[in-house]
Amino acid sequence: SAVISQKPSRDICQRGTSLTIQCQVDSQVTMMFWYRQQPGQSLTLIATANQGSEATYESGFVIDKFPISRPNLTFSTLTVSNMSPEDSSIYLCSVATPRDSEAFFGQGTRLTVV
Amino acid sequence: AQKITQTQPGMFVQEKEAVTLDCTYDTSDPSYGLFWYKQPSSGEMIFLIYQGSYDQQNATEGRYSLNFQKARKSANLVISASQLGDSAMYFCAMRGNTGFQKLVFGTGTRLLVSP
């Protein structure tokens, strides 16, 4: 299994500012995923982060708004830029392992933009 | 494309009773995996159970079991002996045939367990 530490756990931010969310894994993983969960909704994938390459973004998400870094095999960050109240969501990181039966998540970051 | 459908927005169950949460899926992948997660109000995603498409037996994990009917493309979660702490959102998810793919989630079911 993989233990994922995500921080901050929650934050309240002013519109127009940016927040960087960190995700630290206790083992090396090839792929990390960033999801968004808007209030009362399901999880939607923002992007997939591979070490040493640009992140791959899903339709509707762009790098300027959600830049992602993946400096090594145990760490990734997601930045929510130029925030508006519509960005208020829970953001979760997840990791993939070679075992098909595993899919682990960080504790989530509950973001409120005012 | 993969799709998960959870048709029960909310379910109620009395403590100590069993409850079934429905999940149907659609995929063209010959091999896939199905997951169930519990999300309490804290927001974390707690892994409950996994079923591989080629697994011969239904998965079980403690009080959780998965009623997998491949021909019907359904993967219902059964929680036995419900507890008050089971009150949460429950999400069904699937991914394709390797561990290096994204998860696709259903819309979730909110379960409330009453005393």
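Labels below follow one simple rule: chain letters A, B, ... track the order of the sequence lines, proteins then strands, and each chain is numbered from 1. What you see is a predicted model, and the numbers here were worked out from it, not measured in a lab.
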Under a 3.5 Å threshold, yes or no: a donor from one side chain and an acceptor from the other, between B/Asp29 and B/Gln2? yes
Any luck finding a side-chain donor-acceptor pair between A/Thr74 and A/Gln24 under 3.5 Å?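 Yes.
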Does anything in residues 105-115 of chain B reach chain A? List residues with heavy atoms under 4.5 Å apart, or say none.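 Expected list: B/Phe105, B/Gly106, B/Thr107.
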Write out, in numerical order, the residues from residues 36-48 of chain B with a heavy atom short of 4.5 Å from a heavy atom in chain A.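 From residues 36-48 of chain B, the residues near chain A are B/Tyr37, B/Gln39, B/Ser41, B/Ser42, B/Gly43, B/Glu44, B/Met45, B/Phe47.
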If I take atom CD from residue B/Gln69 and atom OG from residue B/Ser74, how far apart are they, to the nearest 0.5 angstrom?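 Reported value, rounded in 0.5 Å steps: 4.5 Å.
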Trace of the salt bridge (charged side-chain N to carboxylate O under 4.0 Å, His left out) decision for A/Asp87 with A/Arg15: CA-CA 9 Å; A/Asp87 294 318; A/Arg15 67 176 67 199; over 6 Å; no
So, do B/Phe91 and B/Phe35 have ring centers that fall under 6.0 Å from each other? no
Please work out whether the ring planes of B/Tyr32 and B/Phe68 are parallel, tilted or perpendicular, with thresholds of 30° and 60°.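 Perpendicular, since the angle between the ring planes exceeds 60°.
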Residue A/Gln41 versus chain B: region with a heavy atom under 4.5 Å: backbone
If I measure from the heavy atoms of chain B, does A/Leu92 come under 4.5 Å with its side chain, its backbone, both, or neither? side chain
Which ILVMFWY residues are connected to A/Val80, directly or by a chain of links, through side-chain heavy atoms under 4.5 Å apart? A/Leu19, A/Ile21, A/Trp34, A/Ile46, A/Tyr57, A/Phe61, A/Ile63, A/Phe66, A/Ile68, A/Leu78, A/Met83, A/Tyr91, A/Leu111, A/Val113
Pairs satisfying disulfide (SG to SG under 2.5 Å), at least one member in residues 41-72 of chain B, at least two apart: none
Any idea which heavy atoms bring A/Ser76 and A/Ser69 closest together, and the distance? OG-O, 2.8 Å
Should B/Ile4 and B/Thr24 count as side-chain neighbours, where that means a heavy-atom distance under 4.5 Å?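 A side-chain contact under 4.5 Å is absent here.
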